[in-house]
Amino acid sequence: MPSILSTIPGFQKQILDYYYSHGRQMPWRENIDPYHIFISEIMLQQTQVSRVEEKFKQFILKFPSFEMLNKASLASVYSVWQGLGYNRRAMYLKKAAQCIVEEYNGTLPNGENELLSLPGIGKATAASIRAFAFNSPVVFIETNIRTVFIHFFFKNKTKVSDEEILPLVKKSLYVINPRIWYWALMDYGTMLKKNGLDKNAKSIHYIKQSAFEGSWRQKRGAILKKLAQVKIATSGFLAKELGYNQDVVDEIVNELLKEGFLEKAKSKLKLKSTV
């Protein structure tokens with residue numbers, strides 16, 4: 001029986017052949033400007049591609065560069081962001097744009113440490129930005145990549161750690177074109193999931209996402225969305241309009257004030273205008 005490493009060339013060929021025949025078209029693949037890649041990678045954190053595509057186009061049209069994003073009000077960024085969820089990412093984008101303009105003259109840095117210093121950027125996101133924006137031969141794992149490697153190399157194992165997968169990701173990296181390679185892996189992983197072959201439950205890192213409907217996260221998003229629409233309101237108005245318990249609204253509002261999402265205008269609330 002051949003060793004795992006001896007199967008790498010065949011594995012690469014299968015993944016790339018699939019990509020060249022069935023690769024998905026996405027706006028951030030058609031235009032690989034580093035700004036576009038950066039925005040897409042933040043939007044794609046914990047959010048499906050189908051939800052991101054249309055919102056990405058709107059966002060780029062409204063804020064076409066780091067400079068324009070930096071100049072925009074936080075409220076206007078929230079307004080465009082609505083519908084993507086995890087609204088904290090919108091604030092991170094605004095803060096990151098400010099850092100990039102002030103510290104890097106509006107040019108996205110390609111070093112890992114520089115990217116990690118930006119708000120909202122962890123190791124996996126920094127690596128994906130480097131791969132897609134700069135075609136750097138970095139090693140990282142995300143959900144679709146994990147699915148592919150478990151499917152091919154851990155068929156008979158019930159619990160797989162990322163520490164077991166990472167050496168294979170490194171060994172199989174298509175260094176001629178890392179950008180294409182990771183696109184190919186992600187598309188192959190998506191195909192596996194669509195065919196009922198999602199292997200992420202075999203990962204020891206797998207956590208099933210809690211239901212969104214009725215959750216605290218949904219209520220936070222609804223409050224931010226309503227304020228983006230009406231511009232300024234009292235917490236009482238928000239509770240009445242959204243049909244939420246007043247104590248719940250007050251608790252969420254206090255949370256959002258502390259986190260810097262909202263600010264007070266006399267006795268009323270509004271989205272914070274600056275970061």
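Worth saying up front: this structure is predicted, and the values here are computed from it rather than measured.
- Applying the ring-ring contact (aromatic ring centres under 6.0 Å, His included) rule to F140 yields the partners Y182; only residues at least two apart in sequence or on another chain are considered.
- By the salt bridge (charged side-chain N to carboxylate O under 4.0 Å, His left out) test, D17 is found to be paired with K13, residues two or more places apart in sequence or in another chain being considered.
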Given side chain to side chain donor-acceptor pair (under 3.5 Å), test S215 with Q218 step by step and report yes or no. CA-CA 5 Å; S215 67; Q218 184 191 41; 5.3 Å; no
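- Of the inter-residue distances, the one linking K240 atom NZ with S235 atom OG reads 13.5 Å to the nearest 0.5 angstrom.
- Side-chain contact between Q45 and Y86 is absent, with no heavy-atom pair separated by less than 4.5 Å.
- For CD of E30, the number of neighbouring non-hydrogen atoms (other residues, nucleotides, ligands) closer than 6.0 Å is greater than 12.
- With hydrogens and angles disregarded, no donor-acceptor distance shorter than 3.5 Å links the side chain of D187 to the backbone of Y19.
- Between E255 and K219 there is no salt bridge, since no side-chain nitrogen of the basic residue lies less than 4.0 Å from a carboxylate oxygen of the acidic one.
- Closest non-hydrogen pair, R29 versus R24, comes out as NH1-O, 3.0 Å.
- With rounding to the nearest 0.5 Å, the separation of CG in N70 from CD1 in I100 is 9.5 Å.
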Walk me through whether E259 and R220 qualify under side-chain contact (heavy atoms from CB on, under 4.5 Å). CA-CA 12 Å; E259 293 174 7; R220 280 171 56 101; 2.8 Å; yes
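- Under the 3.5 Å distance criterion, the side-chain polar atoms of R89 are matched with a main-chain donor or acceptor of M43.
- A donor-acceptor pair shorter than 3.5 Å cannot be found between the side chains of K55 and T47.
- Note that the CD1 atom of I141 and the CZ atom of R146 stand 6.0 Å from one another [nearest 0.5 Å].
- Aromatic pair F11/F149: ring centres closer than 6.0 Å.
- Remark: side-chain polar atoms of K268 are not paired, donor with acceptor, to backbone N or O of K264 under 3.5 angstrom.
- Here the closest non-hydrogen pair linking V138 and A131 is CG2-CB, 3.8 Å.
- Using a 4.5 Å heavy-atom cutoff, the side chains of I8 and F153 are in contact.
- Looking only at distances, a side-chain donor or acceptor of N245 sits under 3.5 Å from a matching main-chain atom of D247.
- Remark: side-chain polar atoms of E53 are not paired, donor with acceptor, to backbone N or O of P27 under 3.5 angstrom.
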Which is it for K270 and E263 under the side-chain contact (heavy atoms from CB on, under 4.5 Å) test, yes or no, and what are the steps along the way? CA-CA 6 Å; K270 65 178 183 177; E263 61 185 356; 3.0 Å; yes
Under 3.5 Å, side-chain donor or acceptor atoms of residues 113-124 against the rest of the protein: list the pairs with distances, not counting sequence neighbours.
residue : atom : partner : partner atom : Å
S117    : OG   : E114    : O            : 2.5
K123    : NZ   : E112    : OE2          : 3.1

Can you give the donor-acceptor pairs under 3.5 Å from side chains of residues 76-85 to other protein atoms, not counting sequence neighbours?
residue : atom : partner : partner atom : Å
S76     : OG   : S73     : N            : 3.4
S76     : OG   : S73     : O            : 2.7
S76     : OG   : S73     : OG           : 3.2
S79     : OG   : A75     : O            : 3.0
W81     : NE1  : G85     : O            : 3.0
Q82     : NE2  : Y78     : O            : 3.3

Cut-off 3.5 Å, no hydrogens considered: what does the side-chain donor-acceptor table look like for residues 56-69, sequence neighbours left out?
residue : atom : partner : partner atom : Å
S65     : OG   : E67     : N            : 3.4
S65     : OG   : E67     : OE1          : 3.4
S65     : OG   : M68     : N            : 3.1

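- Distance CG/L224 to CG/L262: 6.0 Å, rounded to 0.5 Å.
- I176 contributes atom CD1, which lies 11.5 Å from atom CH2 of W181 (distance to the nearest 0.5 angstrom).
- In this structure Y18 satisfies the ring-ring contact (aromatic ring centres under 6.0 Å, His included) test together with H22, Y188, sequence neighbours excluded.
- Contact of the D162 side chain with the I165 side chain is registered, since non-hydrogen atoms from C-beta on lie closer than 4.5 Å.
- No side-chain donor from either of E142 and S128 sits under 3.5 Å from a side-chain acceptor of the other.
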Checking side-chain contact (heavy atoms from CB on, under 4.5 Å) for the pair L16/Y174: CA distance, chi angles, key distance, verdict? CA-CA 10 Å; L16 289 170; Y174 185 63; 4.0 Å; yes
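- Heavy-atom neighbours of K225 NZ from other residues, nucleotides or ligands within 6.0 Å: at or below the threshold of 12.
- With rounding to the nearest 0.5 angstrom, the CD1 atom of I37 is 7.5 Å from the CZ atom of F132.
- Residues V139 and L166 come closest through the heavy atom pair CG1-CD2, 3.7 Å.
- Not one N or O on the side chain of K155 forms a donor-acceptor pair closer than 3.5 Å with the backbone of F152.
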Report the C-alpha separation of L74 and L271 in whole Å, then their side-chain angles, then the decisive distance to 0.1 Å, and conclude whether the side-chain contact (heavy atoms from CB on, under 4.5 Å) test is met. CA-CA 7 Å; L74 192 55; L271 294 174; over 6 Å; no
